[in-house]
Each structure stands twice: as structure tokens, then as C-alpha cells.
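Contents: one structure, followed by commentary.
Residue numbering restarts at 1 for every chain, and letters A, B, ... go by the order of the sequence lines. Please read these numbers as outputs of a predicted model, since none were measured by experiment.
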Protein chains: 2
Amino acid sequence: MRNTAKHAAEEEPHTRLRRNSGRVTLRDVADHLGISQISVSRYFQDPERVSGSLRERIAQAVAQLGYVPNLVAGGLASAHSRVIGMVIPNISGPIFAATIQSFSDAVTAHGYQLLLASSYFSGEQEENAVRGLLGWSPAALVLTSHFHTQATEAMLARTSVPVIETWDYQARRKPWQVGFSHPEVGRMAARHLLERGYRRIAFVQNSAAGDFSALERRDGFAEVMREHGREPRFHVPQEAQPAHAGREALFALLDGPDPADAIVFANDNLASGALLAAQRAGIAVPQRVALMGFGDFPFSEMLTPGLTTIRPPARQMGVLAAELIFARLDAVQAGKERAGAVRRPKALACELIVREST
Amino acid sequence: MRNTAKHAAEEEPHTRLRRNSGRVTLRDVADHLGISQISVSRYFQDPERVSGSLRERIAQAVAQLGYVPNLVAGGLASAHSRVIGMVIPNISGPIFAATIQSFSDAVTAHGYQLLLASSYFSGEQEENAVRGLLGWSPAALVLTSHFHTQATEAMLARTSVPVIETWDYQARRKPWQVGFSHPEVGRMAARHLLERGYRRIAFVQNSAAGDFSALERRDGFAEVMREHGREPRFHVPQEAQPAHAGREALFALLDGPDPADAIVFANDNLASGALLAAQRAGIAVPQRVALMGFGDFPFSEMLTPGLTTIRPPARQMGVLAAELIFARLDAVQAGKERAGAVRRPKALACELIVREST
DNA sequence: TTGTACGCGTTATCAT
DNA sequence: ATGATAACGCGTACAA
């Protein structure tokens, strides 16, 4: 068939050179069969919309010509793409892995694709990511927590793309949130250690300065401590690498005349670093100092002693976020009637996992 | 300013209803300033291409109107999008994490975006992912290893999108590869254990049936064993979950009259599962049986005893793949002259990490 | 440096 | 059930 400057000279009077990217288009398939583009288009949108005989011929032509639908063109024409954007502080790493995974699976199952970006707990990076993702007119946008720059908030306020936030929960916030309460996590940790009889308890912050959710956990922890008449202690690591930061915190908090008898870490990475350092230094856990983390990362149960931690509903958040998004998309597609049927989710719960380290 | 049916009635004689998605466009910015679209377009492509005074006015209008460039339209017009597709067997999970991370960072640093899909070691899922990703006319496509379905290979052969494969190395394959030799990994493992004096050595396959690279490692292992006059042993786990599969393999291989004295696992997930099971069952490692894995996952050094393993150049593969892609893109942009300057990469090396488990 | 004209490949709309 | 035509919003080519 025509290959360069295809379908140019025949119908147009003022034939300039067309730009034609060289890829097989809907039109090539249609011309090949002597039918119109729109029939082929319909075949891809919903094969039932063309007659059975045509369906077979199109399928064959598509295979023969190696046609791959151009989603960019489709997205432009229909003003919405089958892409969903997601911004996560850390793509790799155990923290968000289960959420990404479950969300990604749901997205794929619905025939959508995932545009993924990491912010590294930086507002600026998140802002750039959001701008870029919105440029693709995604069907939805998923962010992590409610801490954004002003410019990001402005973009969110202006866009018509539905936005959902995960790993956080506030009942009244404008973007619906799928997650749990961070202060409550801090409270759980404090209560657990107080119940166990520990009294000189410290909280170790994340070395990533932008992890504001970790500070919310810290505040929840401090609140319960004070309610029980115990002054909470804190440590802010200087070391950047989590394992080193955990080690640093351990030694700092055991040093001096009034050493801590229990330490809550902002996450399991820090906690496991401390646990290993304790093991190597011959510091008995939990006899001399109890350690606990947050996240229940896969290795936390493999350590000796096993790490007590708080397990967030990581998988569930991805699943629920996807359900919410597709319910909303379906509702819009089905007309406004059922749009009200999609309900704001409730807060999810975290689970205290008690192992040997406390 | 005009909001619905904007810029419709004025210039077109046969004014039908325009479709207009409602978002702020380049044209809105241009109209706002009384200049042409193309000047605003140039501003976004390269601010240096418009005069300083105009530059400031445009910047202000963009901020005021909240314009976000429509990458879909831009992609269609220019026939290439600033998106890079990546298909990885497992997005989350420790195996490919470092590769994804380093690649993602490089992509972001170049102002591109990452469209990520997982195949779960399934050829069919990979095929769907590739089709979907190619639909976005990505600037490049990154796959994992060389095992694809015929349909996938056909798409790769036909597309003009540059393709790179990672986590694999074959010097002559058509898509350039950025990675290492899997058989060599298997050979390294066998040599290490034989040197240590182990003789009844078994290899445990991955419970994920589609992980063909793991079979290449197995074959390299078997080759060296036979060279040394030792018959290799194998175990194929039935359990799906890696930790359980590792446990199952451990007990199966220690059972019977001629138990294994060393076991190589397809990856660290399996190996650590076995290590923990051994610990709980009071099986001395490495005295009664030595264990080693592949991957050097973050927790492998945290186990007691530390897990001997082979560390792939995970980070480096992501970095190198990105370098290759952007060098190629730059070369194309700069004209064909320098296109030859981009050289096929050499094989990367894995590193044997000896800890206490062997 | 700035502007005009038009195509990129698809889908929405209207017509048969 | 199928077709004709005009958008979608931007970048390329060419002109001034």
C-alpha cells in the first residue's frame, strides 16, 4: 500500500507535504478494507458496535498491518486519556510498595495505565510532577498526604481531574482521602510502650526532612506521653541513610545519665538499623532498651528479635483508591444519576504488631 | 474572559458547537495578551526564543490564568512525547526497586515522565503493556530481559520507538541490552560453594514460572557442577509465596538419605525464607546446610547469619539505560552526524557478597 | 523576532 | 449499522 505521503495527493486540492509520522493509522486500516475510519474506531471502542462480519475483517486487517492505536490522538480527541497519575514520595523502597502494587494492578485490570512519579518528600518535586501529570489529562490523580506547595494546591483547585490523596486521613478535606490517621499511630505506639511498663520513651524522627506525616505521628506520641505525666523525648538524626540514622539515634538516646528505656522510630527502616546496631554492640533488646517502628516492612518479622511495629493498611489503600476512582468514572459515564452513589470513604485502621523487640 | 464556546463565533462562518474541554489553552494565554499562539508555544519550548519583554508578560499571564501545557496535544503535533515506557516484572518488591528508582530519577531529571507497567513474569501481560505503552508514542521503551511473546517481538520489530532491554545481556541482540549474564551468575554461585568444600549442592527455582532468567542462572550453575563431576540437584517449589517456597525447598532438600549440604536459591526472597525456617527448626546454617541467594536485597545483610548472595548492578542498569536513551535522543536531535557516537554498552558484572550463611 | 496556515490521528456530532 | 465532517490543542513549515 501507499507508504510515504500516503493518502495525500488524491483528495486534497492544495496538497502540501503532509507530516505523517510513518506509523500505521486508523485510516490505513480503513483504506485497506475500503471502509471509513469511524468504523474501525468503533471497533476499538466497543467491538459490538460493528457488525459481526466487519468485526472479523477489521481484526484481520489490524493484525496484518500491525496497527497499534494512537492513544495520544485519542486522548486529544476525547479530552480524557486512560492514564492515571500517581505521585509517591518513594517509588522503590518498602514503605509504599504494597500501595503502589495494588493500585497499579487495579488500574491495569481496568485497562488504564499508570504514570508514576516520585517526590522524595519534596514539595517542589511534587509540584513539578503534578504539573507534568496534569498535562496528560489523566482520568485521575493520586497524591500522598495533604502536604503540598501553594502552587500545587492552586493546580488541584483549578483542574477538573479528580484527585485523591492516600496515606492520610482527614474527614473534611477537599480531595477525598484514603488512609489512616498518623497522630493515632503515634498514640498507639505510646500506649503500647506505657502499658508494657516503659517510662523513658523517645521518638526518633525521619531523616527525610519533608516527611511531615512522621511529625504527625510524633505529635500523637507526645500527646499521650504528656497525658500520662511523662515528658516525651525526641531525637532528630543527622545521618541521611536510614540504617545509619537509626544507629545514631540509638546511641544518642542511650548515652548520658538518664538513658531511654524505649524508642519509637518514625519507620521500620530506622528501627531495624537500630536493632542491628544494638545486636552488634551487645545491647540487649528489649531488656535494656525496647525498640519499635512503623510500617511493618517485609523484613521486620525476619529480624531477631522480631521488630514490634505498627502496620498501615498499605495494600488496602491502593485497592480502595482505585475502587473510588473507577466508581466515580463509571458514575460520570452513566450520567449524573448515580454520581451521588459514590461515598466518601471512612478512615482505615492501623494494626499493632507486637513482636519481641518490646 | 470568554469561557464557554470561547473563540468560536468570531472567526468561523459555519459555527457549530465546538467540543472544548474547558481547560485553559495556549490560545487563551495568547488572546489574553493579544499575541499569537505560536509565541506562547515557543516560550514553553525554549524561553530564549521570545524577546525578554514578551517572556515576562507570558510568564505572568500563564501564572494568572493557571495554564498547564497540554502534553497530549503537544505529543500529537510533534509525533513524539516526553514519556518513557518501562515494563518490569514487579514494580514493588526489592528485586527491581533500585533499577526503577535510578531510571526514574534520570528520566525525571531530563524532564521526561515514566509510564510504568508490571508483567509479573507473564508474556501475555507484557504484551498488553507494550501495546499500551507504544500507543503513547513514547520516546523510548525499556523492557526486562529478552523473553517476549511473538506478538511482542513483532511490535518491537515494527515500531520506530527505540527499545532497550535491562537485566539481561547478549552481545548481539537487536534491542540493545543493559545488564549482566544470568548463566554467569549461576556459575559464580556453583564455584563459590565448590571452593568452600560443599559437594551436594542444589538449586531452587523461582516459584514464578515465567522467570526464565532464573532458569538461565540454574543452567549456569548446573554447567559448572558437571564440569566438576558433581551432579547438580534441583527443586521446583509448589508454594507460591517466596518465603514459603524457600521453606518448602529447604525441608525437601534436607529430607532423605542423601541430604544437600548447600542450596542456591533463585533469589534472596526464597533464600531468606529458608534461612528463617532453618533458624526456627534449629537447623544450623551453614554447618548443616549452606544457603545462598541472588539479588542482595536490603534485608539480606540484616539476617543472622547474614545471607551470602550475588549482587546484580541494579542501580547501574537504570542509570546506564537512561544514559543510553538520552544520548540516542540527543544524537537524533542534533542530526545524524553524531548518531554513530552512541555505542552499544558492554556487559556489567555481578558481585559475590560472602556473608555467614555459606 | 513574530505571525499565518495547517496537519498530527483520533473521537464527537450529526446524517443516512 | 455505517459514513462525512469537524473539532481536540499544539508544533512544524514557511512567510514576513
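Looking at residues 128-141 of chain A, you'll see that no heavy atom sits under 4.0 Å from any atom of DNA chain C. Using a 4.0 Å cutoff on non-hydrogen atoms, the parts of residues 49-57 of chain A near DNA chain D are A:Val50, A:Ser51, A:Leu54, ordered by number.
Summarising the geometry, the separation between CG on A:Leu76 and P on D:dA7 is reported as 14 Å, rounded to the nearest angstrom. Taking atom CD1 of residue A:Ile38 and atom P of nucleotide D:dA1, one finds them 15 Å apart after rounding to whole Å. Taking atom NE2 on A:His80 and atom C1' on C:dT10, their separation rounds to 12 Å, with Å as the unit. Taking atom OH on A:Tyr43 and atom C1' on D:dT2, their separation rounds to 17 Å, with Å as the unit. Rounded to an integer number of Å, the gap from CG of B:Asn70 to C1' of D:dG9 is 6 Å. When the P atom of C:dC8 is taken as reference, atom CG of B:Leu26 falls 20 Å away, rounded to whole Å. B:Arg82 has its CZ atom 16 Å from the P atom of D:dC10, to the nearest Å. With rounding to whole Å, B:Leu71 atom CG is found 14 Å from D:dG9 atom P.
End-to-end axis angle for the helix from C:dT1-D:dA16 to C:dT16-D:dA1, using five pairs per end and rounding to 10°, comes out at 20°.
Aromatic pair A:Tyr67/A:Phe44: ring centres closer than 6.0 Å.
Considering only side-chain N and O atoms, B:Ser78 lies nowhere under 4.0 angstrom from the phosphate OP1 or OP2 of C:dC8. Of the side-chain N and O atoms in B:Thr25, none sit less than 4.0 angstrom from OP1 or OP2 of D:dC8. Residue B:Gln45 places no side-chain N or O under 4.0 Å from the OP1 or OP2 atom of D:dC10. For A:Ser41, a side-chain nitrogen or oxygen approaches OP1 or OP2 of C:dT11 to under 4.0 Å.
Within 4.0 Å of B:Tyr67, counting heavy atoms only, lie sugar-phosphate atoms of the nucleic acid but no base atom. If you check every strand for non-hydrogen atoms under 4.0 Å, B:Gln37 touches a base.
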Report, one line per pair, each donor and acceptor closer than 3.5 Å where one atom sits in a side chain of residues 132-144 of chain A; sequence neighbours left out.
| unit_1 | atom_1 | unit_2 | atom_2 | d |
| --- | --- | --- | --- | --- |
| A:Trp136 | NE1 | B:Gln113 | OE1 | 2.6 |
| A:Ser137 | OG | B:Arg23 | NH1 | 2.7 |
| A:Thr144 | OG1 | A:Val87 | O | 2.8 |

Anything under 3.5 Å between a donor and an acceptor, one on a side chain of residues 54-61 of chain B, the other on a protein residue two or more places apart or in another chain? List them.
| unit_1 | atom_1 | unit_2 | atom_2 | d |
| --- | --- | --- | --- | --- |
| B:Arg55 | NH1 | B:Pro47 | O | 3.0 |
| B:Arg55 | NH1 | B:Val50 | O | 3.0 |
| B:Arg57 | NH2 | B:Leu33 | O | 3.1 |

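Looking at which nucleotide of DNA chain D each of A:Arg42 and B:Gly75 is closest to, the 5′-most match is held by A:Arg42.
Judged as a side chain to side chain contact (heavy atoms under 4.5 Å, CB included), and not counting sequence neighbours, the contacts of A:Ser92 are A:Asn90, B:Ala97, B:Gln101. With sequence neighbours left out, B:Arg131 forms a side chain to side chain contact (heavy atoms under 4.5 Å, CB included) with A:Val68, B:Glu127, B:Asn128, B:Met155. Qualifying side chain to side chain donor-acceptor pair (under 3.5 Å) partners for B:Glu126, counting only residues two or more places apart in sequence or in other chains: B:His148. Every side chain to side chain contact (heavy atoms under 4.5 Å, CB included) that A:Ala106 has, sequence neighbours left out, goes to A:Ala322. Qualifying side chain to side chain donor-acceptor pair (under 3.5 Å) partners for B:Ser145, counting only residues two or more places apart in sequence or in other chains: none.
Within the structure, the salt bridge (Lys or Arg N to Asp or Glu O under 4.0 Å) test picks out the following pairs touching residues 136-159 of chain B (sequence neighbours left out): B:Glu153-B:Arg173. Residue pairs meeting the salt bridge (Lys or Arg N to Asp or Glu O under 4.0 Å) criterion with at least one member in residues 68-79 of chain A, sequence neighbours excluded, do not occur.
With a 4.5 Å cut-off on side-chain heavy atoms, A:Phe326 and A:Ile84 count as touching.
Counting only heavy atoms from C-beta on, B:Ser36 has its side chain closest to C:dG3 among C:dG3, C:dT11, D:dG3.
A donor-acceptor contact shorter than 3.5 Å links the side chain of B:Asp168 to the backbone of B:His146.
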